[in-house]
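Reviewing the structure listed below.
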2 protein chains.
Amino acid sequence: MTTRWLTPKEQRAWRAYIAATFLVEDAIDRQLQQDAGMPHLYYSILASLSDAPERQLRMTDLAERTKITRSRLTYAVGRLEKDGLVRRENCRWDKRGSIAVLTDEGMEVLERTAPGHVETVRSLLFDHLTEEQVGQLEEICGGLVRRLQEDERPTTDEVPWRRRSSPSCS
Amino acid sequence: MTTRWLTPKEQRAWRAYIAATFLVEDAIDRQLQQDAGMPHLYYSILASLSDAPERQLRMTDLAERTKITRSRLTYAVGRLEKDGLVRRENCRWDKRGSIAVLTDEGMEVLERTAPGHVETVRSLLFDHLTEEQVGQLEEICGGLVRRLQEDERPTTDEVPWRRRSSPSCS
DNA sequence: TAGGTTTGTTTCAAACTTGAACCAAGAGCA
DNA sequence: TGCTCTTGGTTCAAGTTTGAAACAAACCTA
């Protein structure tokens, strides 16, 4: 099987993609570290919780939404809990379960820092994209996500598919 | 100044973008960790070196190309050096300078693992994008990069701009 | 050319991530 | 019921990243 190398055009796209994603994440991390005292991921966790009904989610669901491993999440929630922004409760129905709840303080931090964050996201990204490009970006990334998530799921038979709610800006 | 929140469409795009970039980086990191015993960034460092004339670059240039901090690079090159894939030399013209050189062994690792890596990038990304979308992606990301790099540069007067060569797939 | 600033790089401690191993508790089934 | 398998979560050690501080060499400029 001979390698299907990238075409020059694909190479350019790939390089640009890598560079852009690194730079964007970096800029956002710095901004949030500055203004909210936490990296982007931690902010996203708070944001995900704030969107959930009752401002709470089971660890596994939270991990799925934020696209990180459970172990990474355990650590992150540990810190957020220490900071008083999140509280852990145990799940009544499933005694194995652990539920992360956004505290009022956590909500306050989120509300206080959200405007700055959105402004950053805007100035980094959306202020420079046309309507059309926003659509293209959504299309491209959405497709990627769909495919990548399917891969990690049983392929043989029907998938018992459940969906949940959710809005806002992580 | 009232906050310019994201429109629903922008929110969707942003979420998809975050999810996609996380998932893609993760998948690539896992693949490379498996097959090359190193995370994506480290592979990219080797790839950057392999593209450079004489297969070598000064630390700062290497950091600039890979979009990471100097300190992070120092650590990474430290490990690659320990593994024998990179060698450090000191710059003759500038005694402060340190030069990272890709060793033959490093080149071998790269050549051995490149096909698998490209295949992954393809199956993750390009196999599912139309020609048009590849163009869009390049356009969007390229624009981002240009803007983000300008920001970290003196804005007032002329920038003594130097460019170097480079091809391939990081 | 001395003194002050900038540039190139490393160092260090604290924070974070990774992946494998572990420990319950639910589920399926003989 | 008693077994085994799966699932939800945490733990732990090893590896990585961060950002500020430290250094040394190069570059002004008076």
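Each chain gets a letter, A, B and so on, in the order its sequence line appears, and its residues count up from 1.
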Distances under 3.5 Å between protein N/O atoms and the N/O atoms of nucleotides 5-8 of chain C, please, pair by pair.
from	atom 1	to	atom 2	distance (Å)
C:dT7	O2	B:Arg96	NH1	2.7
C:dG8	O3'	B:Arg58	NH2	2.8

Note to self: Any side-chain to backbone donor/acceptor pair from B:His128 onto B:Ser123? Under 3.5 Å, distance only.
What the structure shows: yes

Give me the distances for all protein-to-nucleotides 18-23 of chain C N/O pairs that come in under 3.5 Å?
from	atom 1	to	atom 2	distance (Å)
C:dG19	O6	A:Ser71	OG	3.0

Note to self: With a 4.5 Å cut-off on side-chain heavy atoms, are B:Val77 and B:Met59 touching?
What the structure shows: yes

Check: Can you name the salt bridge (Lys or Arg N to Asp or Glu O under 4.0 Å) partners of B:Glu139, sequence neighbours left out?
Finding: none

Item checked: Close side-chain approach of A:Val118 to B:Arg4, heavy-atom, < 4.5 Å -> no

Next item on the list: Rounded to the nearest angstrom, tell me the gap between atom CD in B:Glu25 and atom P in C:dC16.
Entry: 20 Å

Check: Taking the side chain as C-beta and beyond, is there a heavy-atom pair between A:Glu132 and B:Gln136 under 4.5 Å?
Finding: no

Item checked: DNA chain D: 5'-most and 3'-most nucleotides touching chain A, 4.0 angstrom heavy-atom criterion -> D:dT7 to D:dT11

Next item on the list: With sequence neighbours left out, write down each residue that passes salt bridge (Lys or Arg N to Asp or Glu O under 4.0 Å) with A:Glu131, or none if nothing qualifies.
Entry: B:Lys9

Next item on the list: Could you tell me the separation between the CD atom of A:Glu81 and the P atom of C:dC16, rounded to a whole number of Å?
Entry: 15 Å

Notebook entry, point to check: Is the closest side-chain heavy-atom distance between B:Ile28 and B:His117 below 4.5 Å?
Noted result: yes

Margin query: Which Ile, Leu, Val, Met, Phe, Trp or Tyr residues join A:Ile99 in one cluster when any pair of side-chain heavy atoms under 4.5 Å counts as a link?
Written below: A:Val101

Note to self: Let me spell it out: for each of B:Ala76 and A:Gln34, pick the nucleotide of DNA chain D with the closest heavy atom. Which residue's pick is nearer the 5' end?
What the structure shows: B:Ala76

Next item on the list: Decide yes or no for A:Leu32 and A:Tyr42: does some side-chain heavy atom of the first lie under 4.5 Å from some side-chain heavy atom of the second?
Entry: no

Notebook entry, point to check: Are B:Asp35 and B:Arg112 within salt-bridge range, i.e. N to O under 4.0 Å?
Noted result: no

